[in-house]
Amino acid sequence: MTLLDLLRRSTEKFATRTALLADDQSVTYGELWESVGQLGTTLRHLGVKPGERIGIMLPNIPAFVQAYFGILAAGATVVPFNILYKPEELHFLIEDAAIQRVLTSRVFQANLREAAQRLPYPLQVIPMDVPEMGILDAVSQTPTGNPPKINPGDVAVCLYTSGTTGRPRGALLTHKNLMSNIASFHQIAPCDERDIFLCVLPLFHSFAATVLMLFPLSLGAGVVLESRFVPEQTLRSMATKKATILCAVPSMYAVWCQLSPFELDLSSVRLGISGGAPLPIEVLHRFEARYGISIYEGYGLTEAAPVLTENPLFGPRKVGSVGKPLPEVELRVVDAAGRDVLPGEVGEIVARGPNIMLGYLNQPEVTAEVLRDGWLYTGDMGRRDTDGYFYIVDRKKDLIIVGGLNVYPREVEEVLVTHPAVAEVAVVGVPDPTRGEAPKAYVVVGPGATISKRELLRFVRSRLASFKVPRDVEFCQSLPRTFSGKVLRQELRPPARA
C-alpha cells in the first residue's frame, strides 16, 4: 500500500466522518479525498513530473493535509518547510532539493520570493488561501483524474532534519517506510475511528506528520488542528472538541505545568504521548498530578519515519524509559567498535527495520556514515534493561568529558529540574583550564519562584558526584529551541576559540 491507498481506504469506510477540525472549519473524509484528487490533477496539468519535489510552507490548517496528499496524488515528493524559516534558510532547502514549486499561504509569499532571488531557475509560489490568485481556482475548473501509478518504494517525503548540528539534511522516506511505521505503531496503540487527536505540533515535523496526521487518518479518526501553541487556549480546545489523544513535546508539558489554576474538563483525554526530546521525569509527575492524564514516552528520529520505541499504551509503562521497540523494528546498544554491550551499559543506539530511510538527499558520504551494514547509527547514547525497555542517556555529541570522566547533561538536568523553583534547564559543556571541560547549567525559574546560584549548586552537590556538579549556573528567561521543542545546545555553548 501507499499513503494514497491509506487515505482512500479510510474514505471508503468513513466518507461522511469528520477528518479535520480547525477553528470553525470542518472537513470530512469524502471532502478531503475529493480535494486531494483535484489538486493532484491540477498539479499534473501545471507540468509536475513523477518524482518531482514540491515544497509545502503552511501552518497546521486543513490546506496542509490537502497539499501533502495532493502532491502525492500527482506522483511527486513532499518537502515540508519550517514556517519559521527566514529567506536564507529557505533558499538552502529550495536549492538543495531543486524545488520549482511551493504550495503556501500569502503570509509566507514575501519570504519565499526573497529566497528565490538567487536561484538559477524560476520558483513558482502557489498560494493555497487566495483562490483568485492561486491554484485553488484552477482546482475548481479541473476534472478529477486517476492518479499516476505510485509504488511503495517511491520516495514520498523528503523531510529535512531540524538542523541542530549545522545545515539541515533531507531524509528520503518512501511510502513503504511511512506505511510500515504506521502499521507498527498501530499494533501497540489501540486507537480507532472514535478517537480525536489534538495536533498542535507542527505538521512539517516528522513526529506530527506520522503520529498526528498519517496515523489517525489511517484509522478514520478525527484530527483537531491548532496552528499555534497558546498553552491555555490549546487545553481549552482539547476540552471543547473532546480530544481523546494528546501528543506533545516535553517543553509543552513543562509549560502546561506552569499555568495558573483554572477550571477545565479534560475527562475525554485518554492518554498523552511525549516525543521529540527526552521528557524529564519530574515534568511527567507534575503534569500527571495536575491534569490526571498519563503520559507515555516514546523515541524516534526523522530518519526512522520517525517512531522507534513507545511505552506500550495501556500496557506496562516504565517511567523514565522510552519503552520497547515497535514491532518490525530492531534496536541494539553498541560500543565504539559496533559490538553489543550488556544490559544496563551505555552505548550508541542503532536501529534496523522497514521504516529506516533510504538516505540523505545529495549526501552520500553522510549517508554512508549513519547507515552501516543495514543499521542506522542514531547518535543517541542509551541503555537497555533486562526487560527490553530502552533509556535515552543523551546525544553522543553532547557528552561532557570532565577530567577523563563522562558526564551526561541529561543526568544533571534531571536533578536540577526536581528543585521546585526550576521550570526548565539545559546543561552544556564549557572549556575548563584544568579539567578540559566542565558542566554549565542554564536555568529558567518558574513563575513567582526565586533561588540563588549558591542554593541551586548546593542542591545538586547533595545528589551528584562532585565532577558532575555544574561549574556555573546562568539564569535566563527561556531556552533556545527548535520548533519541535529540542534545545539548541550549540547556541548555549561558548564559541570555539580560533
Check your understanding: Is a salt bridge present between R332 and D340, judged by a nitrogen-to-oxygen distance below 4.0 Å?
Key -> yes
Point to revise | Charged N-O contact under 4.0 Å between R372 and E348 | key: no
Revision key, fill the gap. Across all chains, not counting sequence neighbours, the ring-ring contact (aromatic ring centres under 6.0 Å, His included) partners of Y253 are W256, F287
Practice item. For the residue pair F92 and Y160, categorise the inter-ring angle as parallel (less than 30°), tilted (30 to 60°) or perpendicular (more than 60°). Key: perpendicular
Practice item. Assess R383 against F390: is NZ or CZ under 6.0 Å from the centre of the six-membered ring, and within 45 degrees of the ring's axis? Key: no
Check your understanding: Do we see a donor-acceptor contact under 3.5 Å between the side chains of E297 and S274?
Key -> no
Check your understanding: Are any side-chain N or O atoms of E414 and backbone N or O atoms of I281, one a donor and one an acceptor, separated by less than 3.5 Å?
Key -> yes
Point to revise | Charged N-O contact under 4.0 Å between R481 and E424 | key: yes
Practice item. Report yes or no: does T174 contribute a side-chain atom to a donor-acceptor pair with the main-chain N or O of V155 at less than 3.5 Å? Key: no
Point to revise | D472/K453 salt bridge by N-O under 4.0 Å criterion | key: yes
Exercise for review: May I ask you to decide if L399's main-chain N or O and D394's side chain share a donor-acceptor pair within less than 3.5 Å?
Suggested key: no
**Study point:** Any side-chain donor near an acceptor of the partner, Y408 and D398, under 3.5 Å
**Key:** no
